[in-house]
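Shown next, in structure tokens, is the structure this report addresses.
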Amino acid sequence: MNYFVLRILINRTLYNTYYSSRKVSSYLAFCCGEVIKSKQRGLLAVSNQVTSFPLAAMSGKSSIKTVVYEDVKALKDNKDVLLIDVREPSELQKTGVLPGSINIPLGQVENVLKNASPEDFLSKYGRPKPDINFPLVFSCQAGKRSLMASETAVKLGYKNVSSYGGGWSDWEKKSKQ
């Protein structure tokens, strides 16, 4: 088992053991570079999805193509590419959305791309479900989660996958210039 995954599993077990004996309504845990808030019966709720992300995304050793602001800006009305923002809905409410994007939170990407029927996908996201050759561009706040989502899509067999390296932070900064 990879050291990184093992460390997450050990930390998760330790946190669960520690918090299961106390009444804690809200607390924070650090996992995969993300702070996860949880209020679930006093137990640390770290998603099993976290341990399944490809480690290439975490180590910086990835062959995923990176796109830049100008590329993403050109996607606004382009129906030949699917721009997927993997931030949580609460983040989108605070900051705003990338024009032309759909929102599939990172923890749901694998399940949605693998298991959603074309009808359900169209109904929920207003866009046809992409086939394995359809161009996908993933975005997040700063690039880490979009790279993880991109690696997940590649693992599922998608062949034309990119990540917006700067994410919303880059978009917001450059769109104000």
Side-chain angles (χ1 to χ4, degrees), residues 2 4-5 8 30-36 47 49-118 120-177:
N2 190 297
F4 186 77
V5 173
I8 289 172
F30 187 76
C31 183
C32 292
E34 298 297 324
V35 176
I36 300 171
S47 168
Q49 296 278 344
V50 172
T51 59
S52 70
F53 292 127
L55 297 179
M58 303 312 264
S59 67
K61 298 174 184 172
S62 175
S63 61
I64 300 296
K65 178 183 169 193
T66 301
V67 296
V68 295
Y69 171 79
E70 290 75 17
D71 300 323
V72 175
K73 187 175 179 181
L75 297 178
K76 180 181 175 188
D77 298 317
N78 187 344
K79 299 297 183 193
D80 295 327
V81 177
L82 184 59
L83 177 58
I84 302 173
D85 193 326
V86 298
R87 295 178 292 157
E88 294 297 319
S90 60
E91 292 177 86
L92 299 178
Q93 290 173 349
K94 290 177 188 173
T95 61
V97 298
L98 290 169
S101 68
I102 64 168
N103 176 235
I104 305 175
L106 180 60
Q108 298 173 21
V109 168
E110 183 171 5
N111 185 46
V112 169
L113 292 178
K114 186 179 1 178
N115 299 321
S117 71
D120 289 343
F121 193 95
L122 180 60
S123 172
K124 184 166 185 173
Y125 302 108
R127 297 280 306 270
K129 183 176 180 180
D131 66 26
I132 62 170
N133 294 308
F134 196 85
L136 303 176
V137 176
F138 290 94
S139 179
C140 63
Q141 182 67 35
K144 280 189 175 185
R145 288 177 287 176
S146 63
L147 187 56
M148 288 189 287
S150 298
E151 292 282 353
T152 298
V154 168
K155 180 181 84 174
L156 293 173
Y158 286 85
K159 299 180 181 345
N160 194 349
V161 179
S162 302
S163 175
Y164 179 19
W168 175 260
S169 298
D170 183 61
W171 176 269
E172 186 175 41
K173 180 177 133 187
K174 291 184 176 172
S175 64
K176 290 180 179 179
Q177 293 177 350

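The shortest heavy-atom contact between Asn103 and Pro89 is OD1-CG, 3.7 Å. The two residues Val161 and Ala153 have their closest heavy-atom pair at CG2-CB, 4.1 Å.
Ser163 is linked by a side-chain hydrogen bond (donor to acceptor under 3.5 Å, both in side chains) to Ser146, counting only residues two or more places apart in sequence or in another chain. Phe121 meets the ring pair (Phe, Tyr, Trp, His ring centres under 6.0 Å) test with Tyr125; sequence neighbours excluded. For Ser123, there are no side-chain contact (heavy atoms from CB on, under 4.5 Å) partners at least two apart in sequence or on another chain. Under the side-chain hydrogen bond (donor to acceptor under 3.5 Å, both in side chains) criterion, Lys174 pairs with Asp170, sequence neighbours left out.
Each ring-ring contact (aromatic ring centres under 6.0 Å, His included) pair with one or both residues in residues 79-99, not counting sequence neighbours, would appear here, but there are none. Screening residues 143-162 for ring-ring contact (aromatic ring centres under 6.0 Å, His included), with sequence neighbours left out, gives no hits.
Checked for salt-bridge contact, Glu88 and Arg145 miss the test: no charged N lies under 4.0 Å from a carboxylate O.
Within the model, atoms CG of Asp131 and NZ of Lys159 stand 10.0 Å from one another, a figure rounded to the nearest 0.5 Å. Note that CG of Asn111 is 12.0 Å distant from OG1 of Thr152, once rounded to the nearest 0.5 Å.
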Report, one line per pair, each donor and acceptor closer than 3.5 Å where one atom sits in a side chain of residues 66-83; sequence neighbours left out.
from  : atom 1 : to    : atom 2 : distance (Å)
Asp71 : OD2    : Val68 : N      : 3.0
Asn78 : OD1    : Asp80 : N      : 2.7

Could you tabulate the donor-acceptor pairs under 3.5 Å formed by side-chain atoms of residues 133-141, not counting sequence neighbours?
from   : atom 1 : to     : atom 2 : distance (Å)
Gln141 : NE2    : Ser169 : OG     : 3.0

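Residues Leu92 and Ser90 have side chains not in contact (no heavy-atom distance under 4.5 Å, counting atoms from C-beta outward). With a 4.5 Å cut-off on side-chain heavy atoms, Glu110 and Leu156 count as touching.
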Show the numbers, then the answer: is there a side-chain contact (heavy atoms from CB on, under 4.5 Å) between Ile64 and Val154? CA-CA 9 Å; Ile64 300 296; Val154 168; 3.3 Å; yes
For Thr95 and Arg87, run side-chain contact (heavy atoms from CB on, under 4.5 Å): C-alpha distance rounded to whole Å, both residues' side-chain angles, the deciding distance at 0.1 Å, then the answer. CA-CA 10 Å; Thr95 61; Arg87 295 178 292 157; 2.6 Å; yes
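With hydrogens and angles disregarded, no donor-acceptor distance shorter than 3.5 Å links the side chain of Asp85 to the backbone of Ile102. In this structure, the side chain of Lys129 engages the main chain of Ala116 through a donor-acceptor pair within 3.5 Å.
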